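Following: one structure in structure tokens, then a few remarks.
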Amino acid sequence: MKKDIEIPRVENVTLAIAREKNLLNHYEWKVYLINNNSFPIENTLVASKGYGEKNGETQRTSTLRHFLDMVPAQSTAVIEPIDPSVFHLNNEYWVSYYVGTQIYDKKFVFVPDTICDANIILVKELQLEGVLHS
């Protein structure tokens, strides 16, 4: 039965959207997976998409899928670049990974307009400025 299925809780794995200046002195934004566990996570699949409205019209981005073979303990990995033109959308990332034979998954959503200067902090794991998912 459904009530008998144990769904493990995702802990110490999160996402950040961070910026870094390029050679032309413009910001480039990227989405990062952060593994703060003392063990690696393996066979990580991340599905990303954006959805919402602008000026009363529905907008959707393509769904992208990314595979990371292994993210070592206490480390980070780049998932994808992200364009600021989609910051007004819900930016959703569904993350699934294995620890041993146990699968974990969690949906992270950066809601509209939360990726903004008012929410920028130093993401210590990246040593970059960005928005850390809580």
Side-chain angles (χ1 to χ4, degrees):
M1 292 238 212
K2 211 173 185 181
K3 66 180 174 105
D4 297 324
I5 299 172
E6 182 183 332
I7 300 173
R9 184 178 163 167
V10 171
E11 294 180 343
N12 301 317
V13 173
T14 193
L15 296 181
I17 297 179
R19 64 186 184 186
E20 186 173 24
K21 284 197 176 178
N22 63 17
L23 296 174
L24 299 174
N25 211 27
H26 293 99
Y27 283 119
E28 290 182 351
W29 293 83
K30 294 180 184 167
V31 182
Y32 294 85
L33 177 73
I34 301 171
N35 178 14
N36 282 323
N37 287 302
S38 60
F39 47 83
I41 59 176
E42 300 177 311
N43 298 322
T44 303
L45 183 63
V46 181
S48 65
K49 65 181 177 180
Y51 54 90
E53 284 189 7
K54 184 173 185 178
N55 300 326
E57 290 191 33
T58 300
Q59 291 187 331
R60 298 186 76 77
T61 67
S62 298
T63 299
L64 302 175
R65 291 173 184 82
H66 310 277
F67 179 76
L68 305 167
D69 186 42
M70 184 185 64
V71 181
Q74 302 295 319
S75 70
T76 65
V78 175
I79 296 174
E80 66 183 7
I82 186 169
D83 192 294
S85 67
V86 299
F87 289 173
H88 69 283
L89 299 174
N90 290 291
N91 287 282
E92 177 183 296
Y93 297 87
W94 191 280
V95 179
S96 297
Y97 61 90
Y98 282 87
V99 175
T101 59
Q102 181 67 56
I103 190 167
Y104 293 77
D105 66 348
K106 183 173 181 178
K107 182 175 16 175
F108 297 89
V109 179
F110 290 89
V111 295
D113 300 318
T114 56
I115 308 164
C116 62
D117 287 339
N119 294 331
I120 297 288
I121 61 167
L122 176 66
V123 180
K124 65 179 174 139
E125 296 89 349
L126 302 170
Q127 288 302 300
L128 293 172
E129 292 180 328
V131 177
L132 185 62
H133 195 279
S134 56

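None of the values given here were measured: they were computed from a predicted structure.
Cation-pi geometry between K21 and Y27 is met: the NZ or CZ atom falls under 6.0 Å from the ring centre, inside 45° of the normal.
Residues D105 and V10 are not in side-chain contact: their nearest non-hydrogen atoms beyond the backbone lie 4.5 Å or more apart. The shortest side-chain heavy-atom distance between R19 and I120 falls under the 4.5 Å cut-off. L15 has its side chain within reach of I79: a pair of non-hydrogen atoms, C-beta onward, lies under 4.5 Å apart. In this structure the side chain of P112 reaches within 4.5 angstrom of the side chain of N90, judged on heavy atoms.
Both V86 and V31 are part of a single hydrophobic cluster, where members link through side-chain heavy atoms under 4.5 Å apart. Residues I34 and I115 do not share a hydrophobic cluster, defined by chaining ILVMFWY side chains whose heavy atoms lie under 4.5 Å apart. Following chains of ILVMFWY side-chain contacts shorter than 4.5 Å, one cannot reach I103 starting from L45, and the two form parts of different hydrophobic clusters.
Looking only at distances, no side-chain donor or acceptor of D69 sits under 3.5 Å from a matching main-chain atom of F67. Checked by atom type and distance alone, the side chain of N37 pairs as donor or acceptor with a backbone atom of E11 at under 3.5 Å. Side-chain N or O atoms of N22 include none that pairs as donor or acceptor with a backbone N or O of E28 at under 3.5 Å. With T14 contributing its side chain and H133 its backbone, the two residues share a donor-acceptor pair below 3.5 Å.
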Item to complete: Any chance you could lay out the side-chain contact (heavy atoms from CB on, under 4.5 Å) test for K49 and T61, step after step, and finish with the verdict?
Response: CA-CA 6 Å; K49 65 181 177 180; T61 67; 4.2 Å; yes
TODO: Could you give me the CA-CA distance, side-chain angles and deciding distance for L128 and V123, then say whether side-chain contact (heavy atoms from CB on, under 4.5 Å) is met?
DONE: CA-CA 6 Å; L128 293 172; V123 180; 5.6 Å; no
**Q.** Step-by-step side-chain contact (heavy atoms from CB on, under 4.5 Å) determination, Y51 to V109
**A.** CA-CA 10 Å; Y51 54 90; V109 179; 4.3 Å; yes
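Screening W29, Y32, Y93 for a side chain to side chain donor-acceptor pair (under 3.5 Å) involving E80 leaves a single residue, Y93. Among T76, N35, N36, the one residue that satisfies the side chain to side chain donor-acceptor pair (under 3.5 Å) test with E125 is N36.
Taking all atoms of both residues into account, the shortest heavy-atom contact from C116 to V131 is N-CG2, 4.4 Å. Between V13 and F108, the shortest heavy-atom distance links the atoms O-CZ, 3.6 Å. Minimum heavy-atom separation, S38 to Q74: N-NE2, 4.0 Å. Across L122 and Q127, no two heavy atoms sit closer than the pair CD1-C, 3.9 Å. A pairwise comparison of heavy atoms in L68 and A77 identifies CD1-CB, 4.1 Å as the closest pair. Nearest heavy-atom pair, Q59 versus L89, reported as atom, atom and distance to 0.1 Å: OE1-CD2, 3.7 Å.
Between the CG atom of N119 and the CG atom of D113 there is a distance of 10.0 Å, given to the nearest 0.5 Å. Between the CD1 atom in I41 and the CG atom in L33 there is a gap of 4.5 Å [rounded to 0.5 Å]. Between the OG1 atom in T63 and the CH2 atom in W94 there is a gap of 13.0 Å [rounded to 0.5 Å].
Q102 CD: more than 12 foreign heavy atoms inside a 6.0 Å radius. Surrounding OH of Y98 are at most 12 heavy atoms belonging to other residues, nucleotides or ligands under 6.0 Å away.
Note: Y97 and Y104 have parallel aromatic rings, judged against thresholds of 30 and 60 degrees for the angle between ring planes.
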